[in-house]
Structure formats: structure tokens, C-alpha cells
There are 2 protein chains.
Amino acid sequence: MATSGQDVTQDDVARAAGVSRSLVSLALNGSPKVAEETRRRIAETADRLGYRVNAAAASLARQQSRTIGLVLPNLRNAFFEQIAHTLGDATSAGDLALFVTVGSEQPEVLHRAIESLLSVRVMGLILVSPWLPDEDLIAIGEEVPVCLIGRRSPGGRVDSVRVDEEAAARLLIGHLTGLGMRSVGYVGPRVVNDTSRFERESALRRAARATGLTLDVRECDEDAGPAVRDLLQAHPEPLGLVIHNDILAIDAVPVLRETDRHPGTDVALVSYDNTYLARRGEFSLTSVDQPEDVLGTTAVRLLRERADDATTRSRDVVLEPTLAIRDSSDPAGSASGH
Amino acid sequence: MATSGQDVTQDDVARAAGVSRSLVSLALNGSPKVAEETRRRIAETADRLGYRVNAAAASLARQQSRTIGLVLPNLRNAFFEQIAHTLGDATSAGDLALFVTVGSEQPEVLHRAIESLLSVRVMGLILVSPWLPDEDLIAIGEEVPVCLIGRRSPGGRVDSVRVDEEAAARLLIGHLTGLGMRSVGYVGPRVVNDTSRFERESALRRAARATGLTLDVRECDEDAGPAVRDLLQAHPEPLGLVIHNDILAIDAVPVLRETDRHPGTDVALVSYDNTYLARRGEFSLTSVDQPEDVLGTTAVRLLRERADDATTRSRDVVLEPTLAIRDSSDPAGSASGH
DNA sequence: CTGAAAGCGCTTACAG
DNA sequence: CTGAAAGCGCTTACAG
């Protein structure tokens with residue numbers, strides 16, 4: 001694109017193009033006040049000189065940066081990757097930059113990461129299923145526009161986008177009872193402060209109760225295998241197994257293989273997120289699909305709106321999930337056949 | 001920590017503490033020119049007022065930012081998460097911030113991400129196994145200090161840290177021949193421009209040849225299963241299976257389970273990265289361990305040195321790998337028993 | 001050990 | 001449609 005002088009400034013461009021410094025700024029930012037022909041000439045000169053805006057200077061002058069910060073709880077879930085990609089596209093389409101920060105179990109590390117983001121005066125923060133308590137989120141919301149993904153807004157100035165957990169629970173329970181399952185077991189991660197975990201669990205409990213079933217809950221650590229084994233032993237009757245997410249659900253696959261229970265009739269395995277793991281032939285998991293693209297673009301939109309008007313009341317956008325049905329619950333494909 | 005005024009500046013702190021603006025700056029940056037007692041009083045005032053440095057302004061004034069950019073090829077490998085965490089620790093220990101960018105198969109997206117990083121004038125860039133051609137890396141190195149992880153430096157002003165692929169290959173091949181394997185198959189991802197893939201493959205080939213074996217290479221897409229099945233069919237003799245990384249290697253596990261070949265005697269499965277997937281009981285993979293912490297801290301150090309002296313010749317730090325031996329190659333534990 | 005002053009590169013009213 | 005000027009919040013010689 002250009003010969004790169006170490007640090008070309010707008011001054012250099014202005015001089016080379018024979019115009020004033022401010023005109024360069026206006027032209028490069030696509031102001032309508034600049035004649036098209038002039039704009040083109042300036043853009044060309046900038047390109048030739050290898051000019052690249054100094055984001056630090058721009059942020060400072062504009063009192064507002066053009067980057068948004070994404071805070072992920074970890075990288076162990078392909079769902080997060082999807083979100084990161086979607087947001088990458090959504091932001092660059094909106095001429096914004098995206099910086100990702102990877103959380104940690106240690107709140108201290110997380111807070112430091114958020115501090116860095118605030119120090120660069122990001123335009124806004126998107127937090128995916130954060131482990132922080134409500135009051136922390138509200139406090140951060142006082143400093144900068146915040147949008148949560150996958151967790152209900154705690155109020156304050158914080159927005160959120162998420163999939164309807166009640167609807168997801170009804171989809172799963174409906175699917176399982178439709179297959180003739182008589183009990184439902186749920187395996188979730190043993191994590192403190194994981195609101196999403198508890199929302200999911202109670203939604204499932206309500207949906208199960210509504211159809212006259214009870215929900216048997218187990219917690220697991222890194223490996224969901226033992227919890228699944230437990231549930232199988234406790235429930236000789238046809239059992240629906242709901243696992244908190246795909247990555248944990250794959251632990252259930254070898255466990256089921258060891259047993260003599262028939263997939264689809266004696267036992268049915270379902271999970272959440274519908275990531276590439278669920279789609280793999282070896283696993284073929286029935287899984288709740290979250291529309292990552294809609295989640296991502298909505299989050300960016302909410303952030304923008306809040307950046308323009310910080311007083312906006314907290315909003316909570318709820319999306320409808322769908323269910324991707326696969327072999328793990330329905331090997332014959334009878335359900336998808338309808 | 002503090003009552004947060006929307007945007008407290010050093011000016012406010014100076015006024016509140018009854019000192020000059022520059023003294024605040026010096027004190028907050030820990031300059032030895034400031035009396036300890038004064039420093040403490042200023043720090044306290046800053047805290048009370050909820051002061052947070054404006055990184056944009058600081059970068060601009062200092063002509064150099066305190067953040068480094070990490071570019072990951074994707075998030076599908078737990079090894080990348082390890083690296084991200086290690087770097088997070090290493091940077092915050094060095095009072096730097098870390099911004100992560102997640103790559104994409106599309107070079108265009110990747111270039112845009114790198115552009116954002118360059119726009120904020122990052123102190124340096126760490127790229128993990130990048131898919132970019134050598135000349136692109138060298139070009140980026142002209143603009144900013146660059147350190148590669150997991151890929152040999154292409155020269156120019158670019159540094160690198162990586163594990164010795166030749167040594168890793170010798171470890172694996174040695175382990176497999178020690179178990180009595182007569183052939184070695186390698187499964188790697190079908191990716192264009194993945195230098196690490198080719199380095200690994202040719203190192204294995206050399207190591208195999210050195211012990212009188214040949215290496216049978218297969219490519220795979222998302223699922224390594226079919227390639228593994230191929231290799232098993234082609235090699236009825238005791239076969240060592242080397243898979244490019246843990247996440248692909250777990251695809252081999254169910255395939256091996258289907259066959260009647262005995263793990264440890266008829267077939268031995270090994271891979272790279274030694275992530276949490278390899279450690280899981282269900283998989284228990286023998287895997288080449290890369291010392292993420294050393295990789296990370298070394299990368300940060302190299303970047304720092306290059307930031308101080310951009311003319312430094314390209315450096316290539318090579319680390320010794322170790323092999324974590326598990327059931328997938330040695331179910332009896334005979335090897336680890338030594 | 002401390003303060004006054006210039007400057008980092010950009011944006012944005014303001015005046016023409 | 002274009003330019004001169006002020007200012008964003010910080011750092012850093014420089015002079016005391």
C-alpha cells in the first residue's frame with residue numbers, strides 16, 4: 001500500500017498535498033464538508049506516504065475512542081470464539097476496533113484487565129457471561145457503556161443480550177419427553193458466582209416440573225464424566241441428560257458408550273451452544289443453538305446507542321433459541337424427519 | 001477503591017494535593033526524583049479522587065504505549081489459551097497491558113486487526129504461529145517490534161521463541177520405536193501457509209529416517225478421524241500415530257477404540273501441546289509439552305529489548321521440549337515407570 | 001526535590 | 001468549501 005515512513009503525521013500529508021492540516025483530518029474522516037475531488041487527492045497522498053492515524057491522539061482529541069473491549073471468561077468454549085469473530089466483523093464494519101481480554105478465575109486479574117481497557121478509554125465494554133457480582137457490573141457501567149452477552153442485565157446502566165433460557169429449557173425438555181424420557185438429569189460446572197449456570201438450572205427445573213418431571217442436578221469439575229456416571233446409576237429408567245455446554249457434553253459420550261443403554265430410547269444426551277464440537281461426527285450432539293451473529297451485532301448496537309446517550313435505561317434483549325437435533329438424542333433421526 | 005468522578009485528570013489531583021501537575025505525573029510514575037512522603041500523599045489523593053491515567057494521552061506524550069498486542073490464529077487450541085494467560089501475567093508484572101486479537105482464515109481480517117494494533121501504537125506485537133508469509137512478517141517488523149511464538153524468525157527485525165522441533169521429533173520417534181512400533185504415521189491439518197505444520201512434518205521425517213523408519217503423512221480437515229482410519233488400514237504392523245496437536249488427536253481416540261489393535265503394542269498415539277485435553281482421563285494422551293510460561297516471558301523480554309534498541313539483529317530462541325507419557329501410547333505405564 | 005512550559009498528533013468549533 | 005487556533009491529558013527536558 002505504501003512506503004512506510006516511520007511516523008507520518010497529518011502534517012506531512014497536508015504539506016505534501018498542499019492543504020491545511022485540518023482539511024486532512026476532515027477528508028480522512030469522510031466529512032461531507034470536503035469536496036470529493038479534494039478528499040480523493042488527500043486520501044491518495046496519505047496512502048502514498050504510508051500515513052496511519054495515531055489512535056491515541058485521535059482518542060485524546062475526540063475525548064472518545066473508537067475501540068470496544070471484549071471480555072471473555074476463558075477460551076475453552078468454542079462459543080466464545082464464535083462471539084469473538086462475530087464481534088470482530090461487526091466492529092470493523094462499523095469502523096471500530098475490537099480488543100479482547102481473556103478473563104481468569106482470579107477476580108484480581110480480571111479487574112486489572114478491565115482497568116487497562118478503561119485506561120485506554122474504550123467506547124464500551126462487552127462482557128460475555130461474566131463471573132462478577134451484579135454490583136461490580138453496575139459500578140463498571142457507571143464508568144463506561146457496558147453490554148452483557150448471555151447474562152441478564154443487573155440494572156443500572158448496563159444492557160444485555162441473551163437467549164431466552166426459559167424457551168431453551170422448554171425446547172430441551174419437550175424434545176426429551178417427546179422421545180419418551182422419564183427423568184431428566186442436569187450436569188453443570190461447579191463455579192462460584194456463575195449466574196448463567198443458575199439461570200439455566202432453574203429454567204430447566206421449571207420446564208421439567210411443568211411436564212411432571214423432576215430435575216436431578218449434579219455438579220462437575222473439568223471432566224463431566226463422573227457426574228454422568230452418577231446420574232446413569234441413579235436412574236435406570238429412560239433418562240434425558242442435559243449438559244451445561246458442548247465441551248462438557250463430549251465427556252458424556254465415552255461414558256454412554258460403556259453402558260448398555262440405547263441412545264434414543266434408554267438415554268438421550270443434549271447440551272447447549274451448538275459449537276463445532278457438537279457438529280463433529282464423532283460426537284453428533286443435540287444442542288441448543290444461540291444465534292451468535294445476532295448476539296454480537298445487537299451488543300454493538302446497544303453499546304453505540306448508550307455511548308450516544310448514557311442516560312438510557314437498562315435494556316435486556318432476549319432472543320429465541322433453536323434446537324439442533326442430532327444422533328446423541330435421536331440416532332434414528334426420527335425427530336428431524338418430521 | 002475510590003469515588004469515581006467521571007474523568008479526573010492529573011490537574012484535579014495536583015490541585016487537591018496542592019502540588020504542580022508535573023509532580024503528580026512524576027509521583028504516579030514512581031520517579032525517584034520525588035520524595036517518598038510526597039509520593040505517598042499524591043498517590044493517596046489520586047486514589048481518593050478515583051484518578052485513572054488516560055492511556056491515550058500518556059501514549060501520545062511518551063511517543064510509546066505500554067501495551068503489547070497478541071495475535072492468535074484462532075481460539076480452538078487450549079495451547080493458545082495457556083499462552084494468553086502466561087502473557088497476561090508477564091505483561092501485568094511488567095506494568096504493561098495486553099490486547100488480544102483473534103485471527104481468522106481471511107488474511108484481510110487479520111491485516112485489519114494488526115492495523116488496529118498499529119494504530120494504537122502498541123509497544124510490540126507477539127504473533128503465535130501466524131499464517132502470514134515471511135515477507136509480511138518482515139514488513140510488520142519494520143513498523144514495530146515483533147516476536148513470533150512457535151515459528152522460526154524469518155529474519156529482518158523479527159525475533160522468535162519456539163520449541164526445538166527437531167528435538168521434539170526425536171523424543172516422539174524415540175518413544176515410539178522404544179515401544180516397538182515399526183511404522184510412523186503423521187496427521188496434520190490441511191492449511192495453506194502454515195509453516196509450523198511443515199517444520200513439524202519435516203522434523204519428524206528426518207527423525208524417522210534416522211532410525212530407519214519412514215513417515216507416512218496424511219492431511220485432515222476439522223476431523224482427524226478419517227485420516228487416522230486410513231493410516232490404520234495402510235499399516236497392519238505396529239504403528240506409531242503422531243497427530244499435529246491434542247485437539248486433533250482426540251478424534252483418533254474413538255477410532256482406535258473401534259479397532260482390535262492393542263494400545264501400547266499394536267498402536268501408540270502421541271501428539272503435541274500437552275493441553276488439558278491430553279490430561280483428561282478419557283483421552284490420556286502422550287503429548288509433547290511446550291513450556292508456555294518460558295515462551296511467554298521470553299517473548300515479552302525480547303520485545304522489550306527490541307523496543308529499546310530497534311536495530312538489534314533478529315534473534316531465534318529455541319527451547320527444549322519434554323514428553324508427557326500417558327496411556328495413549330503406554331497404557332501399562334512401563335515407560336513412565338523407569 | 002519541585003514548578004513553568006513546550007509538545008505529542010489529532011479534532012473541532014469558529015470565522016471566512 | 002477551506003484555514004488558523006485552541007485544546008484533549010499527559011510527559012519531559014529545563015531551570016531553579
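Numbers restart at 1 for each chain; the letters A, B, ... are given by sequence-line order, proteins then strands. Keep in mind it's a predicted model, so treat the numbers as computed, not measured.
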Open item on the list: Closer than 4.0 angstrom, basic N to acidic O: yes or no for B:Glu44 and B:Arg41?
Closed with: no
- [ ] Would you write the dot-bracket representation of DNA chain C, where each base gets (, ), [, ], | or . depending on whether it forms a Watson-Crick or G-U pair under 3.5 Å and with which partner?
- [x] |||.||||||||.|||
Open item on the list: Strictly below 4.0 Å: does A:Ser25 bring a side-chain N or O up to OP1 or OP2 of C:dC10?
Closed with: no
Task: Among D:dT2, D:dA4, C:dA6, the nucleotide that comes nearest once only the side chain of A:Val34 is considered - done: D:dT2
Task: Spacing of B:Leu28 atom CG relative to D:dT12 atom P, expressed in whole Å - done: 13 Å
Open item on the list: From the set D:dA5, D:dT2, D:dT11, return the single nucleotide nearest to any side-chain atom of A:Thr38.
Closed with: D:dT2
Open item on the list: Classify B:Ser59 by what it touches in the nucleic acid, base, sugar-phosphate, or nothing, heavy-atom distance under 4.0 Å.
Closed with: nothing
Open item on the list: Does either side chain, that of A:Arg306 or that of A:Thr312, offer a donor lying less than 3.5 Å from an acceptor on the other one?
Closed with: no
TODO: Figure out the CZ/C1' separation between A:Arg21 and D:dA4, and round it to whole Å.
DONE: 10 Å
Task: Listed nucleotide nearest any side-chain atom of A:Val19, set D:dT12, C:dT11, D:dG3 - done: D:dG3
Open item on the list: Can you tell me which nucleotide in D:dC8, D:dT2, D:dT11 comes closest to the side chain of A:Ala61?
Closed with: D:dC8
Open item on the list: Please report the distance, rounded to the nearest Å, between CG in B:Leu26 and P in C:dG3.
Closed with: 10 Å
Task: Heavy-atom pair with the smallest gap, counting every atom of A:Phe99 and B:Leu117 - done: CE2-CD1, 3.1 Å
- [ ] Starting at atom CD of B:Glu37, determine the distance to atom P of C:dC1, rounded to an integer number of angstrom.
- [x] 12 Å
Open item on the list: Of the listed nucleotides (C:dC10, D:dT2, D:dT11), which one gets closest to any side-chain atom of A:Leu23?
Closed with: D:dT2
Open item on the list: Heavy-atom nearest nucleotide on DNA chain C for A:Val24 versus B:Ala35: which residue maps closer to 5'?
Closed with: B:Ala35
TODO: When you get a sec, tell me which of D:dC10, C:dG9, C:dC10 is the closest nucleotide to the side chain of A:Leu60?
DONE: C:dG9
Open item on the list: Taking the minimum atom-to-atom distance to the side chain of A:Gln63, which one of D:dC8, C:dG9, C:dT2 wins?
Closed with: D:dC8
Task: Atom CZ of B:Arg52 with >12 non-hydrogen neighbours under 6.0 angstrom - done: yes
Open item on the list: In whole Å, I'd like the distance from the CG atom of B:Asn29 to the C1' atom of C:dT2.
Closed with: 16 Å
Task: Donor/acceptor link under 3.5 angstrom from A:Ser20 side chain onto base of D:dA4 - done: no
Task: B:Ala84 to B:Leu98 - nearest heavy-atom pair and separation - done: O-CD2, 3.9 Å
Task: Shortest side-chain distance from A:Arg62, nucleotide among C:dC1, C:dG9, C:dT11 - done: C:dT11
Task: Nucleotide D:dG3, atom C1' - distance to CZ of A:Arg15 in whole Å - done: 16 Å
- [ ] Measure the shortest side-chain to side-chain distance between A:Thr91 and A:Ile68 over non-hydrogen atoms and say whether it is less than 4.5 angstrom.
- [x] yes
Open item on the list: Between A:Asp11 and A:Thr9, do the side chains contain a donor N or O and an acceptor N or O under 3.5 Å apart?
Closed with: no
Task: CD/B:Glu108: more than 12 non-hydrogen atoms of other groups inside 6.0 Å - done: no
Task: Length of the CG-C1' vector between B:Asn54 and D:dC10, whole Å - done: 8 Å
- [ ] For A:Arg66 and C:dC10, give me the distance from atom CZ to atom P, rounded to whole Å.
- [x] 15 Å
Open item on the list: For a quick test of reading the model: is some side-chain N or O of A:Gln64 closer than 4.0 Å to OP1 or OP2 of D:dC8?
Closed with: no
Open item on the list: Side chain of B:Thr9, heavy atoms from C-beta onward: which of D:dA5, C:dT2, D:dG9 has the nearest atom to it?
Closed with: D:dG9
